[in-house]
Amino acid sequence: MNRQNPLGLIIALDENNEATGELFWDDGQSIDTVANSTYLLCEFTASQVSTNHLDVKITRSNYRDPNNLAFQEIKILGTEEPNSVTVKQNGVLTQASPKVTYDPNLKVAIITEISLTLGEAYTVEWDLKIRDEEKIDCYPDENGASEANCLARGCVWEESSSPGVPFCYFANDLYSVSNVQYSSQGASADISLTSSVYANNFPSTPVNPLRLQVTFHKNEMLQFKIYDPNNNRYEVPVPLNLPTVPSSTPESRLYDVLIKKNPFGIEIRRKSTGTVIWDSQLLGFTFNDMFIRISTRLPSKYLYGFGETEHTAFRRDLNWHTWGMFSRDQPPGYKMNSYGVHPYYLGLEEDGSAHGILLMNSNAMDVTFQPTPALTYRTTGGILDFYVFLGPTPELVTQQYTEVIGRPVLVPYWALGFQLCRYGYENDNEISNLYDDMVAAQIPYDVQYSDIDYMERQLDFVLSPKFAGFPALINRMRNDGMRVILILDPAISGNETQPYPAFTRGVEDDVFIKYPNSEDIVWGKVWPDYPDVVVNDSLDWDSQVEVKGTFGFWQYRAFVAFPDFFRTSTATWWKREFEELYNNPQNPEKSLKFDGMWIDMNEPSSFVNGAAPSGCRDAALNRPPYMPHLESRDRGLSSKTLCMEGEHILPDGSRVRHYDVHSLYGWSQTRPTYEAVQEVTGERGVVITRSTFPSSGRWAGHWLGDNTAAWDQLKKSIIGMMEFSLFGISYTGADICGFFLDAEYEMCARWMQLGAFYPFSRNHNTIGTKRQDPVSWDAAFVNISKSVIETRYTLLPYLYTLMYKAHAEGVTVVRPLLHEFVSDQVTWEIDEQFLLGPAFLVSPVLQPNARNVTAYFPRARWFDYYTGVDINARGQWRELPAPLEHINLHVRGGHILPWQEPALNTQLRWQGEVFGYYFLSCMAMDRDYNP
């Protein structure tokens, strides 16, 4: 046999980054003979666990090769770039600087300029050169990383000049995987710490061991859950619609799942294309009591969702951005966590297939996007409970998601009418005059609100003397076909000097949040002023609620208790208060015949940090070991809300901390409010809620919060609506013309045009600003508003049909263009236009002084809504005229849109009028007709 040629090794790493092999010479002997002979020389093992290494072990230690052959090249297939290669013989460094070449496209590394003499034992070690975009932040803590605290965690410190790249990043794994098992219905594995030395340097105490359970629920949906098998940990008490027994089959499943080692990870692959849609085999997995982290690679940069936060584009920017999620009374602002929490995203794959992923976790968390592309979740408690939806189209993903969390509520027809509200109505006469002016101007509208002005001192369920005529006004408007929605806040005053049944009965029914093992109510401060106190409105807001004097006298605001809506008794109490508000048996003349309810401030919001008068009692919960990237991060979790140690009681009697369910507070209030409206009014009614969580859409709609009268908010409202479509909340819109600041004429006119096509279409602004309702401007503004609102009313049968299909099938109402035209990658970036359903395209003006708009028309036949003319644009951008009185609307060929003649409100519309049909395209059977 010729043994003169150089020797080398090819290391082909498997999914667990491991490889084994062996070498023997045959010298002309038969394989059977050699298999048991002394000529079996070497066994090899290679791994990329911890220190990446190749071990060359000698089976027969006295063998010496007569030709002095040596391994001179090592080729590693499927690796990241090696760095700092060393060779050791019997533990002694022999070769310190071999040459390394690397092909990043093929992921192949070649190590040369080595000499591993045949018949001797060696260890070849190397570091992986982690590219900047691949680095997982090892020290995201509030106090910032330093080289010392980075190294204490066993991580690498390397400063970078590239913005966003973490200086402290992972190079080693903390966990091992064993007992991996697969079955027809799922998979499982045990996860254990390899060493607690470094794990103890991460926030809070490691949980060890862990259990992974994967369930193949349906052919298009699976769940994987990482939890403590030995101790119960908090899990989100939101009911999901899951199969009792998995119904998927190996032949029909859209996915394959692989549990990977070294490092631990879960891989989910789409069977039809081989695309990996989830791959958490990244360093940095951590599961501590109050700090849990997991990262995953993404199949593309096209990711949408995660909320509720304000950002500048529908597609999320993956260039090193971290977003916090924890319900908070925070008006929309860039990088600020706001009212609701939705740890859910829709991802697109390079071929246009779509998938959705939900993390069912309600603890304070943040998520970091990086350009790998990858993302990292970090949460302060609970477990990791993921649900994956395989689509494969964006609309199917949304339908699959809402099938699990619950379909969107079907609002009544009148709720699709135009609506008016203002915080700061002086009295009921001001509302009466507004109503009369709207009728005189012949501007259609269906719903009139009163903000907290109708309450005495903002006191729930108590009518202000300034609104003594409000009950009669409500009856007058309702007789004309109008509807009325009132606002309620969850905070209940405990400082009243006169009988206040809402509080006294709440105490009797034990409905308020208390400290654990105590009868002490967790007091906060929100709206209600002290009785018999005149508020000095000239003081700034903080001064009105701050502590004064030695004894902690709060200047104006009353102490308030917060109902625990998780309790069954609280729902009963809440419904009874609704009944008295609606019927008022003691004073029938004060009964308020509302048609719907608007629940606000339910993050829950408090104007003090934690509790009055002396703050919170549990420092560890309110300032946890890891504080996520949240607004006012330096003030802890209790900033502008309750103390985290407050205790809730679930319907089954189990007790949970506010720390765990804070972001569920608005969710817990929504269902009993919806049921109360239905039971009291005897009609379907409507509920609008500020704070939301997955499945809130089953009972309520949502407005996008206390926005600002600014041009940038027009586009951001489109982004917000499209996101809440993904979240399963169809009845959504922004405050038209803005809530804060004075609206400018042209901006408000453009916003009236855009807002006319929000599913929830309401003009609303705050106290102290000038009026912005349609009749508060000039005659030209009245005409602009009347024209576009009449267009809305013409299309209400189509919009209501969409709302029904959302309720019955889970389809989106406000629809990103990519949902209908995902094969056209141009649509993946479009967020200045939107569709209502599949067929109605809205292209608004979003910039000042513009009299043209650039709109994209995907490959279909498009007709101008006003003229019915085919615009002959397919797969191209068009510059369209857009004078101030005009918004561009187009109808997609192949669709039939029902319509009606508009009237002043929907009840008048239903009295004797009939539907028509907007019938376009002779090729009605071909929805995307393209000759």
> If only atom types and distance count, is the side chain of Ser247 paired as donor or acceptor with the main-chain N or O of Pro243 below 3.5 Å?
Replying inline: no

> Roughly how far, to the nearest 0.5 Å, is the CG atom of Leu799 from the CG atom of Leu802?
Replying inline: 6.0 Å

>> Checking Ser280 against Thr296 for the side-chain hydrogen bond (donor to acceptor under 3.5 Å, both in side chains) test, could you report, in this order, the C-alpha distance in whole Å, the side-chain angles of both residues, the deciding distance, and whether it holds?
In response: CA-CA 4 Å; Ser280 60; Thr296 182; 5.8 Å; no

>> I'd like to know whether His702 forms a ring pair (Phe, Tyr, Trp, His ring centres under 6.0 Å) with Phe760, so could you lay out the CA-CA distance, the side-chain angles of the two residues, the decisive distance to 0.1 Å, and finally the verdict.
In response: CA-CA 8 Å; His702 172 69; Phe760 172 53; 9.2 Å; no

> In Å, rounded to the nearest 0.5 Å, how long is the span from CG of Asn849 to CH2 of Trp711?
Replying inline: 7.5 Å

>> Measuring centre to centre across the rings, with the benzene-like ring taken for any Trp, is Phe386 within less than 6.0 Å of Trp278?
In response: yes

> Mind checking whether Tyr304 and Phe314 have parallel, tilted or perpendicular rings, split at 30° and 60°?
Replying inline: tilted

>> Is the shortest side-chain heavy-atom distance between Asn337 and Met325 below 4.5 Å?
In response: no

>> With ring pair (Phe, Tyr, Trp, His ring centres under 6.0 Å) as the criterion, how do His342 and Phe724 come out once you've worked through the C-alpha distance, each side chain's angles and the decisive distance to 0.1 Å?
In response: CA-CA 9 Å; His342 293 271; Phe724 273 87; 5.5 Å; yes

>> So that I can tick it off, tell me whether Glu251 and Lys271 are bridged by a salt bridge, with the cut-off set at under 4.0 angstrom between side-chain N and carboxylate O.
In response: no

> Would you say the side-chain atoms of Glu310 and Ser338 include a donor-acceptor pair closer than 3.5 Å?
Replying inline: no

>> Test side-chain contact (heavy atoms from CB on, under 4.5 Å) on Phe224 and Ile259; report intermediate values, then the result.
In response: CA-CA 11 Å; Phe224 63 91; Ile259 300 171; over 6 Å; no

>> Run Arg815 and Glu395 through salt bridge (charged side-chain N to carboxylate O under 4.0 Å, His left out) and show every step you take.
In response: CA-CA 9 Å; Arg815 191 167 299 182; Glu395 275 296 292; 3.5 Å; yes

> Do Trp667 and Ser691 get their side chains close enough for a donor-acceptor pair, meaning under 3.5 Å?
Replying inline: no

> salt bridge (charged side-chain N to carboxylate O under 4.0 Å, His left out): which pairs involve residues 312-326, sequence neighbours left out?
Replying inline: Arg315-Glu829

> Which pair of heavy atoms, one from Ala882 and one from Arg750, lies closest together, and at what distance?
Replying inline: O-NH2, 2.7 Å

>> side-chain contact (heavy atoms from CB on, under 4.5 Å), that's the test. Do Val276 and Ile268 meet it? Break it down for me.
In response: CA-CA 6 Å; Val276 176; Ile268 302 172; over 6 Å; no

> Are Arg297 and Glu267 close enough for a salt bridge, meaning some N to O gap below 4.0 Å?
Replying inline: no

> Should the ring pair Phe821 and Trp862 be called parallel, tilted or perpendicular, given that the plane angle runs from 0 to 90° and is split at 30 and 60?
Replying inline: tilted

> From Met752 CE over to Arg792 CZ, what is the distance, rounded to the nearest 0.5 angstrom?
Replying inline: 10.5 Å

> Is the shortest side-chain N to carboxylate O distance from Lys260 to Asp279 below 4.0 Å?
Replying inline: yes

> Under a 4.5 Å cut-off applied to non-hydrogen side-chain atoms, are Leu817 and Asp824 in contact?
Replying inline: no

>> salt bridge (charged side-chain N to carboxylate O under 4.0 Å, His left out) for Glu349 and Lys301? Distances and angles first, verdict last.
In response: CA-CA 9 Å; Glu349 300 145 43; Lys301 66 179 182 179; over 6 Å; no

>> Quick one: does any side-chain atom of Arg407 pair with a main-chain N or O of Gln399 as donor and acceptor, under 3.5 Å?
In response: yes

> Donor-acceptor pair, Thr215 side chain versus His217 backbone, under 3.5 Å?
Replying inline: no

>> Tell me whether Asp103 is salt-bridged to Lys107, with the criterion being a basic N under 4.0 Å from an acidic carboxylate O.
In response: no

> By ring pair (Phe, Tyr, Trp, His ring centres under 6.0 Å), which residues pair with Tyr758, not counting sequence neighbours?
Replying inline: none

>> Quick check: closest heavy atoms across Val404 and Phe389, and the distance to 0.1 Å?
In response: CG2-CE2, 3.6 Å

>> Side chains of Val409 and Arg698, heavy atoms from C-beta outward: is any pair under 4.5 Å?
In response: no

> Hey, would you say the His311 and Trp323 ring centroids sit under 6.0 Å apart?
Replying inline: yes

>> So does Thr812 get a backbone contact from the side chain of Ser725, meaning a donor-acceptor N/O pair under 3.5 Å?
In response: no

>> Is the shortest side-chain heavy-atom distance between Pro394 and Leu348 below 4.5 Å?
In response: yes

> Are Phe840 and His890 an aromatic pair by the rule of ring centers under 6.0 Å?
Replying inline: no

>> Is it the case that the side chain of Arg859 and the backbone of Gln876 share a donor-acceptor pair, with hydrogens and angles ignored and the cut-off at 3.5 Å?
In response: no

> Would Tyr344 and Tyr401 count as a close aromatic pair, with their ring centres under 6.0 Å?
Replying inline: yes

> Got a donor-acceptor contact below 3.5 angstrom from the Trp703 side chain to the Arg690 backbone?
Replying inline: no

> Distance-only, no hydrogens or angles: does the Thr273 side chain make a donor-acceptor pair with backbone N or O of Thr275 under 3.5 Å?
Replying inline: yes

>> Between Ser663 (side chain only) and Ser327 (backbone N and O only), is there a donor and an acceptor less than 3.5 Å apart?
In response: yes

> Below 4.5 Å, heavy atoms only, C-beta onward: do Pro408 and Ile729 meet side chain to side chain?
Replying inline: no

> NZ of Lys715: more than 12 outside heavy atoms within 6.0 angstrom?
Replying inline: yes

>> Distance check, rounded to the nearest 0.5 Å: Leu254 atom CG versus Ser248 atom OG?
In response: 10.0 Å

> Does the Arg874 side chain pair with the main chain of Arg861, one donor and one acceptor, at a distance under 3.5 Å?
Replying inline: no

> Is there a donor in the side chain of Asp385 and an acceptor in the side chain of Tyr387, or the other way round, less than 3.5 Å apart?
Replying inline: yes

>> Any non-hydrogen side-chain atom of Thr708 less than 4.5 Å from a side-chain atom of Phe739?
In response: no

>> Nearest 0.5 Å, please: how far is CG in Leu240 from OG in Ser695?
In response: 7.5 Å

> Are Arg892 and Glu820 ion-paired here, with the side-chain N under 4.0 Å from a carboxylate O?
Replying inline: yes

Please table the atom pairs, donor to acceptor, closer than 3.5 Å between any side-chain atom in residues 367-375 and protein atoms at least two apart or in another chain.
residue: Thr368; atom: OG1; partner: Thr322; partner atom: OG1; Å: 2.6
residue: Thr368; atom: OG1; partner: Arg378; partner atom: NH2; Å: 2.7
residue: Gln370; atom: NE2; partner: Glu133; partner atom: O; Å: 2.9
residue: Gln370; atom: NE2; partner: Lys135; partner atom: O; Å: 3.1
residue: Gln370; atom: NE2; partner: Thr372; partner atom: OG1; Å: 3.2
residue: Thr372; atom: OG1; partner: Glu133; partner atom: O; Å: 2.4

>> Testing the basics here: between Pro759 and Leu416, what is the closest heavy-atom pair and its distance to 0.1 Å?
In response: O-CD2, 3.8 Å

> Hey, is the main chain of Tyr856 close enough, under 3.5 Å, to the side chain of Gln833 for a donor-acceptor pair?
Replying inline: yes

>> Rounded at 0.5 Å granularity, tell me how far OG1 in Thr379 sits from CG in Leu359.
In response: 7.0 Å

> Are any of the side-chain heavy atoms of Ser843 and Leu841 separated by less than 4.5 Å?
Replying inline: yes

> Side-chain contact, heavy-atom cut-off 4.5 Å: His819 with Leu726?
Replying inline: yes

